[in-house]
Amino acid sequence: MAWFLISVSLVVLLSYQSLLSDAADMLTTANSIRSNQTIISVGQKFALGFFTPGNSTNRYYIGIWYNEIPTRTFVWVANRDKPLTDSAGVLTISDDGSLVILDGKRNLVWSSNTSSVGNASAVLQDTGNLVLTADDGGILWQSFDYPTDTYIPGMKFRFNLRTRKNMQLQSWRSEDDPAPGNFTISIDPLLPLQLVMWSGSQRIWRSGRWTGDLYGGDLRTNRSYISYLTVVANETDISFTVSVSDTITSRLVVGPPGRIQQLSWLSITNRWEVAWWKPRSPCEFYSRCGSSGVCDEFHPSSVCRCLKGHRAKIQKDWDTGIYTAGCVREKPPNCDKGDGFYKMEKIKVPDLSTVVSNVTIDECQARCLANCSCTAYAYDDLTGVGCITWGSELADIEENYATGLDFYVRLPQSELGGSGSRKKRRLLAILLPLAAVLCFFLVLGGRYVSDANFMQRVDPWKTTKGVSGPGLAVGKVEIGLEDSNALGEGERTPDLPLITFASVVAATDNFSIANKLGQGGFGPVYKGRLPDGQEVAVKRLSKRSGQGLNEFRNELQVIAKLQHRNLVKLLGWCVHEEEKILVYEYMPNKSLDQFLFDPAQRSRLDWGTRFRITEGIAQGLLYLHRHSRLRIIHRDLKSGNILLDGDMNPKISDFGMARIFGGDQTEANTRRVVGTYGYMSPEYALDGNFSEKSDVFSFGVLMLEIVSGTKNTGFYQNTPSLLGHAWQLWSEGRSLELMVSSESHTAVRSQVERCVHVGLLCVQEDAGDRPTMSSVVIMLADEGMTLPPPKKCTFTNTRPCVSSSECGTDVSVNAMTISSITPR
């Protein structure tokens, strides 16, 4: 009998264990979870149970965490604002079908507040979602609808336009306290196409309006790389869903320090690595420059300035770098006598706007003009929003914004060049005859000084100021060329000083061989010195150059409008008879190729310097593509066009081949392929198609050259190019071997491997597979960010040498720029 009872007990026990095993991811009315129990999702990805945070011994919570990650990381907490004080609590399903937490005395601590006829059950899914369902399978409640501080892929972030119910993420109070903290993020109820982070009731960051492709300048709606975004907007609600690759474990968290982060688990380092975060730059903090202040982190002098027609409200604060008081109008709107609008481009338009749908841009302007309290307007036809107008508050304006709009500021006509402009035109009419006379003597004087071996009868760097006329330098006023036929009738050059030829001759000691710095496709470059001692670089167009007036004009018009610490600065220009000259800031360390490929100079580039140069080039290229007033495709990025200042900081130069993209243009085609062999992308070299991704390809080649200290246009072991050699090493897990051996002792292994990986992503054959420069900058900055595997680049972009100038050892040439190739 005893043996029978024992056998029956064993059968019952095994059956019960089998039942628990089969329902390990489920909770029913028949079982409860106590402090020492958990349920695990069917794929073992997530666990649910009781936990105590940090060093706490008297607080107990129900939470969900990653099961397979050794560092317990929580994605959801049920009773975050009402912890249990002992370990006797239970999680169970009540008789009415609610998911509840009870304390040791069976008092209700937390409830899902649902009801169901019949038995309900809860399942922990592999997505991390805890779902409570009725007998018929209908969903009664799910944790995804009630997030805490964490967004995980698959969760739908929703704002109901009818009920105004708005989901939000809310930070923990501290790292050891899951109670609701001070920071929240939610869809903006005033502008539902953007996200807002709050500190209490104060806005501290906003994403900017969703544009249909980019969201906040970072998350994209395509499936490239770390994450992609799905946005659904209809009459009832707006929702956002961020998804990632199945091979990546990623989460979005609002943290106690007041920032939102996307973190990815990196098994190699066994820790969470930050892949993306906001706010991360000065201009991303809400209203950094106050009302009517414009924030521009790339501005060379100050991050903040006032809108046109405005001044600092408290000037002494602005002088000390305190901008919160913002700006005020210098003159009030003059509605009775008529106002106008000043246009600004690529602007993250102000917050707190009013939207008027179903009107044209002209009607939008007319509406604003008719309402005296309307201070600005914008028109967003990309997302279908339409007309956007603002009242007196113009908060959180950012310039050079990747997804910005044209922004029109209302000003009195006197601020836009009204009657004052007419006075200037009358004065100009009086001065024009004098300008013509002075122009004649200026040109004649330049010839005389040149012919007389630059005798000291003319100030060698003097430009005429205060007078305007055809071919006369006017300080910082728009000017024309000396030769009226040089650029075409009526064409004007940018806001730069025109320098007399005599001044150039004096500065370079009559183009002395001793002052020659190098020779490029444009022509020779000379070192010069101004009377005040400033050193300059003088680029002189060679009469035998394959490049000519078009390249000269292009460089002059493009680079004069650009301002960035990683772009070379153009100081002035000169056209005299057949001479065409550009004057730049002097770079004492010349070009990058002289250090990379010259064994005698290579030792000056330790790994830290190489990596800093790489990051600087990436920042400069990002500025050209996304943040400058003009959208520039360089088309000839190479080591010879990267100049180095006295501190070895890189500056991109030589914009003679650059192209300006306007509006929504993303690519172009040409039959005149320009650039340098070894750096051209396949779609450009073969078919003449170029875009931002063409520059990205060139940057990838440049990255691999910086790591290896060798040119792409060569032969490496059994591979046709440096690209093939790098791919082979990466695929075999030997990326570190690409590093130039003499500097391997200074290298940071993780940075070298990351640079090789990112470089290979940039040189993928299909342009659509290559990252944007904004992604490249992030990938270089965040070492732990999980990168996708690159596709093998089968395009080598090499050819046999055809001249000694291309194949010789003169490193200053670094392969000649080709200014005319007919694509196949």
Side-chain angles (χ1 to χ4, degrees), residues 487 493-494 518-525 537 539-542 544-562 564 566-570 573 580-582 584 591-593 617 620-621 623-625 628 630-643 650-662 665-702 712-713 767 773 797 805-806 812-823:
L487 293 187
T493 62
Q519 178 84 26
F522 183 97
V525 181
K539 182 188 288 189
R540 184 185 192 188
L541 178 64
S542 171
R544 297 183 298 275
S545 171
Q547 302 175 48
L549 181 60
N550 288 336
E551 285 75 14
F552 174 84
R553 174 177 53 191
N554 195 56
E555 181 150 7
L556 182 59
Q557 292 178 331
V558 169
I559 198 171
K561 297 178 182 293
L562 304 177
H564 191 271
N566 295 118
L567 302 183
V568 70
K569 186 176 182 181
L570 181 62
W573 58 284
K580 297 173 181 64
I581 294 169
L582 298 172
Y584 293 91
S591 57
L592 176 60
D593 62 323
I617 299 169
L621 200 54
Y623 170 79
L624 293 176
H625 288 180
S628 66
L630 305 173
R631 192 168 168 210
I632 308 296
I633 311 301
H634 189 279
R635 294 205 299 171
D636 197 19
L637 189 71
K638 60 181 179 180
S639 57
N641 286 340
I642 305 300
L643 303 183
K651 294 179 182 287
I652 301 173
S653 69
D654 203 337
F655 289 80
M657 307 300 180
R659 283 285 295 270
I660 301 173
F661 276 10
Q665 186 180 7
T666 58
E667 62 179 311
N669 182 272
T670 182
R671 291 186 57 81
R672 185 172 178 263
V673 174
V674 296
T676 304
Y677 285 116
Y679 294 92
M680 293 183 195
S681 65
E683 72 276 6
Y684 182 44
L686 299 178
D687 301 314
N689 297 326
F690 63 92
S691 65
E692 292 177 10
K693 298 299 183 73
S694 308
D695 280 354
V696 171
F697 184 95
S698 302
F699 176 76
V701 174
L702 188 51
N712 182 38
T713 49
M773 285 310 301
N797 199 335
S805 63
E806 291 183 38
S812 65
V813 176
N814 188 36
M816 299 290 286
T817 294
I818 307 302
S819 61
S820 181
I821 304 173
T822 302

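On a predicted model such as this, the values are computed, not experimentally measured, just so you know.
Under the 3.5 Å distance criterion, the side-chain polar atoms of Ser591 are left unmatched by any main-chain donor or acceptor of Asn641. Judged by distance alone, with hydrogens and angles left aside, the side-chain atoms of His634 form a donor-acceptor pair with the main-chain N or O of Ser653 at under 3.5 Å.
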For side-chain contact (heavy atoms from CB on, under 4.5 Å), just list the numbers for Ile642 and Leu637, CA-CA rounded to whole Å, side-chain angles, deciding distance to a tenth of an Å, and then say yes or no. CA-CA 8 Å; Ile642 305 300; Leu637 189 71; 3.9 Å; yes
Between Leu702 and Lys638, does a side-chain contact (heavy atoms from CB on, under 4.5 Å) hold up when you go through it step by step? CA-CA 6 Å; Leu702 188 51; Lys638 60 181 179 180; 5.8 Å; no
Go through the steps to decide whether Ser639 and Tyr679 satisfy the test side-chain contact (heavy atoms from CB on, under 4.5 Å), and finish with yes or no. CA-CA 10 Å; Ser639 57; Tyr679 294 92; 3.3 Å; yes
Test side-chain contact (heavy atoms from CB on, under 4.5 Å) on Lys539 and Asp654 and set out the steps. CA-CA 10 Å; Lys539 182 188 288 189; Asp654 203 337; 3.9 Å; yes
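Residues satisfying the side-chain hydrogen bond (donor to acceptor under 3.5 Å, both in side chains) test with His625, not counting sequence neighbours, are Asp695. Partners of Phe699 according to the ring-ring contact (aromatic ring centres under 6.0 Å, His included) rule, which considers only residues two or more places apart in sequence or in another chain, do not exist here.
Between the CD1 atom of Ile617 and the CD1 atom of Ile652 there is a distance of 6.5 Å, given to the nearest 0.5 Å. Here the CZ atom belonging to Phe655 is positioned 5.0 Å from the CG atom belonging to Leu567, to the nearest 0.5 angstrom.
With a 6.0 Å cutoff to the six-membered ring centre and a 45° limit on the axis angle, Arg635 counts as a cation-pi contact of Phe690.
In terms of heavy-atom proximity, Asn689 sits nearest to Ser694 at O-OG, 3.9 Å. Listed here is the closest heavy atom pair of Pro650 and Asn566: O-ND2, 3.0 Å.
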